[in-house]
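Only heavy atoms go into these numbers, but all of them, side chains included; no hydrogens, no water, no symmetry mates. So that the names make sense, note that chain A is the first sequence line, chain B the second, and so on, each numbered from 1.
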Amino acid sequence: MKTPESGDVGLTPPPNFIRSIVSEDVNTGKNGGKVITRFPPEPNGYLHIGHAKSICLNFGLAAEFGGHCNLRFDDTNPSKEEQEYVDSIMEDVRWLGFDWGDRLYYASDYFERLYEFAEALIKKGKAFVCDLTFDQMREYRGTLNTPGKESPYRNRPVEENLDLFRRMRSGEFPDGSKTLRAKIDMSSGNINMRDPVMYRIKHEEHQRSGSKWCIYPMYDYAHGQSDSLEGVTHSICTMEYEDHRPLYDWYLDELGAYHPRQCEFARLNLSNTVLSKRRLLRLVNEGHVAGWSDPRMPTLAGMRRRGYTPEAIRNLCERIGVGKKESLVDMGMLEFCVREDLNKRAPRVMGVLRPLKVVIDNYPEGKGEYLDAINNPEDPGAGKRKVPFSRELYIEQEDFMEAPPKQFFRLAPGREVRLRYAYFIRCESVVKGPDSGEIAEIHCTYDPATRGGDSPDGRKVKATLHWVSAERSIPAVVRLYDSLFVNANPNDVGEGEDFISYLNPNSLEILTSCRVEPSLSEAIPGGHYQFERIGYFTADAVDSKPGKPVFNRIVTLKDEWVKIQKAEKK
RNA sequence: UGGGGCGUAGACAAGCGGUAAGUCAGCAGAUUUUGGAUCUGCCAUUCCCAGGUUCGAAUCCUGGCGCCCCCA
């Protein structure tokens with residue numbers, strides 16, 4: 001999968017057992033050497049990074065073996081699905097960089113075919129109409145350790161089943177009064193095989209088929225047959241469906257239909273966040289986040305808003321591999337992927353998050369000048385820009401210390417540092433606030449001979465600071481995001497505990513008095529920038545406006561100094 | 001007292017009978033007008049445990065143990 005922004009994704013995909021299976025099937029000429037996969041989301045939630053793993057796998061395999069991947073909405077449940085989700089899913093898959101072409105399908109389009117299959121099974125004596133209520137059915141099902149009992153309706157004659165099923169379809173019976181069940185084995189150790197329900201009655205409007213149907217197929221029944229109808233060769237799903245495979249196979253075998261091969265892989269877990277639909281829904285509904293696309297959410301919509309790139313996400317998916325083992329991928333891996341991507345292409349800019357005023361006493365009052373700054377040292381083609389310098393500047397509060405520890409080599413009284421692309425400055429004095437004793441501003445002198453940042457006499461400084469002109473910078477709002485949860489695995493909660501209690505109270509900090517270089521007045525919404533020495537940011541796609549930029553922090557830069565500080569605390 | 005799956009470093013993950021790849025993290029150094037980036041070196045005598053087979057086992061066999069999923 002190539003994109004204009006990054007052409008190196010997926011060129012040499014690492015080996016994994018699913019690729020081996022597909023590759024072998026291709027080599028042995030199975031399915032005529034064709035590979036057709038599918039991504040089958042249920043349109044009842046937003047896609048998250050766990051889905052991205054599946055999307056990358058399915059579309060990636062199809063691309064690698066010259067096949068294709070279908071996008072199929074598994075919209076068999078009329079009560080839970082909404083157009084909002086359908087739209088967001090399509091947007092997210094496209095954003096990730098994949099294209100299903102004209103292969104957009106809906107399971108609901110197969111309702112008629114699915115119905116015919118069901119009648120075929122009835123005629124074959126492999127399915128029956130059951131009058132057990134929901135509760136009775138649960139009773140009859142048995143438990144993990146005890147076999148179930150056969151339904152008293154199990155041996156209805158074929159003709160009666162056919163008649164009843166047709167009347168179910170025509171709307172003669174109320175919701176829940178009857179189901180169509182497969183006749184398999186009530187004593188199976190695999191509970192999925194204990195005469196599973198194929199159809200239930202639901203007098204509900206379906207968003208696509210309207211009121212045409214009042215019976216709807218169950219997932220297990222609809223899914224495999226949909227795969228079959230589409231000629232899918234490899235039906236790739238997550239491990240929890242491994243138990244369902246015997247049923248998947250059973251339907252197809254009894255029907256004598258084209259039989260795709262189901263393969264299961266372990267779903268993705270990411271540290272410090274949650275990826276279950278139920279939990280994400282709770283975060284949204286209980287207002288812990290500002291909706292599905294809150295930049296802290298692991299949804300693709302949220303990650304996009306946060307500023308993560310599709311390249312980074314695809315790279316992550318490749319790096320983590322595909323296996324059957326349950327795992328918890330460290331968020332650090334994702335962060336590495338974004339840094340790696342953005343380092344190559346994000347233009348560098350200067351912005352001061354927590355400003356501290358610096359006055360250059362020996363710089364002429366009223367004077368101003370423009371200095372050359374390199375847009376991206378990693379990309380010579382990115383060119384240069386002019387940054388305004390003046391007598392009064394802002395630097396980062398944390399770049400100055402009155403009484404620095406030994407390892408701090410930024411600005412301090414009497415010490416000289418470099419202002420990036422500008423001059424060497426030396427701190428001469430500190431002015432404190434009237435009451436609090438807080439540092440109000442610092443006074444420095446500059447060395448005119450160091451213009452641009454080089455010293456003709458070869459003297460060295462230990463630090464280079466970013467800065468902005470007090471007068472010629474513009475205000476900006478910056479939102480600092482951190483992980484949503486404080487513990488690595490919020491799913492792993494003790495008895496009676498709620499994952500909500502592990503929410504990170506500091507997952508969002510909004511800074512409103514930031515100053516950024518004037519070029520950022522035109523920051524492109526959704527564009528990516530590296531604030532030198534701080535991190536990668538995106539101009540918020542919704543809130544950022546010309547002249548009034550709003551930035552989201554995607555990820556910090558690696559920072560040796562915070563590491564040192566942490567080490568010293570210990 | 002059923003069925004299915006999984007156990008290789010702090011986190012991922014190759015390996016498929018010939019003597020433990022790679023990535024992230026970590027550590028050390030070089031370099032650096034971002035304490036960024038880059039570069040170099042280090043980081044599992046051992047693969048859940050115990051037996052067995054073999055000249056040789058992470059890989060094969062037997063028996064344990066642990067974790068996950070399925071009745072919701």
Row check, Phe499(A) ring normal vs Arg279(A) NZ/CZ: under 6.0 Å, within 45°: yes
Determine the interatomic distance between C1' on rA58(B) and the same-named atom on rG17(B); round to the nearest Å. 11 Å
In whole Å, measure the gap between the C1' atoms of rC12(B) and rA44(B) for me. 15 Å
[X] [atom1] to [N] [atom2], straight-line distance once rounded to whole Å:
X: Arg267(A); N: rC12(B); atom1: CZ; atom2: C1'; result: 18 Å
X: Phe17(A); N: rG15(B); atom1: CZ; atom2: P; result: 12 Å
X: Trp467(A); N: rU34(B); atom1: CH2; atom2: P; result: 15 Å
X: Leu57(A); N: rA13(B); atom1: CG; atom2: C1'; result: 15 Å
X: Leu328(A); N: rG7(B); atom1: CG; atom2: P; result: 16 Å
X: Asp454(A); N: rU32(B); atom1: CG; atom2: P; result: 12 Å
X: Ile534(A); N: rA37(B); atom1: CD1; atom2: P; result: 15 Å

Watson-Crick or G-U wobble partner for [N], using a 3.5 Å limit on both distances?
N: rG66(B); value: rC6(B)
N: rA28(B); value: rU40(B)
N: rA11(B); value: rU23(B)
N: rC47(B); value: none
N: rA57(B); value: none

Nearest to the side chain of [X], which nucleotide is it out of [options]?
X: Arg319(A); options: rC69(B), rU23(B), rC71(B); answer: rU23(B)
X: Asn16(A); options: rC12(B), rG35(B), rA14(B); answer: rA14(B)
X: Glu532(A); options: rU1(B), rA11(B), rU34(B); answer: rU34(B)
X: Asn343(A); options: rA11(B), rG35(B), rG36(B); answer: rG36(B)
X: Pro377(A); options: rG36(B), rG35(B), rG2(B); answer: rG36(B)
X: Leu557(A); options: rA37(B), rU34(B), rG3(B); answer: rU34(B)
X: Met239(A); options: rC12(B), rA14(B), rG5(B); answer: rG5(B)
X: Arg348(A); options: rC68(B), rC70(B), rU34(B); answer: rU34(B)
X: Ile191(A); options: rU8(B), rC71(B), rG36(B); answer: rC71(B)
X: Ser327(A); options: rU1(B), rA13(B), rG35(B); answer: rA13(B)

Output field: ring centroids [X]/[Y] closer than 6.0 Å:
X: Phe485(A); Y: Tyr502(A); answer: no
X: Tyr370(A); Y: Phe389(A); answer: no
X: Tyr241(A); Y: Tyr219(A); answer: yes

Do Arg19(A) and Glu64(A) meet the salt-bridge criterion of a basic N to acidic O distance under 4.0 Å? yes
Is any side-chain N of the basic residue among Asp498(A) and Arg282(A) closer than 4.0 Å to the acidic one's carboxylate O? yes
Have a look at [X] and say if it touches a base, only the backbone sugar-phosphate, or nothing, with a 4.0 Å heavy-atom cut-off.
X: Gln407(A); result: base
X: Tyr421(A); result: base
X: Asp330(A); result: sugar-phosphate
X: Asp559(A); result: sugar-phosphate
X: Leu144(A); result: base
X: Val349(A); result: nothing
X: Leu465(A); result: nothing
X: Phe408(A); result: base
X: Glu378(A); result: base
X: Gln530(A); result: base
X: Lys563(A); result: sugar-phosphate
X: Arg194(A); result: nothing

Donor-acceptor contact present, side-chain Arg354(A) to main-chain Gln397(A), <3.5 Å: no
Keeping the roles fixed (side chain from Ser188(A), backbone from Ile191(A)), state whether a donor-acceptor pair exists under 3.5 Å. no
Presence of [X] side-chain N/O under 4.0 Å of [N] phosphate oxygens OP1/OP2:
X: Lys460(A); N: rU32(B); answer: no
X: Arg533(A); N: rG35(B); answer: yes
X: Lys558(A); N: rA37(B); answer: yes
X: Lys324(A); N: rG7(B); answer: no
X: Lys325(A); N: rA13(B); answer: yes

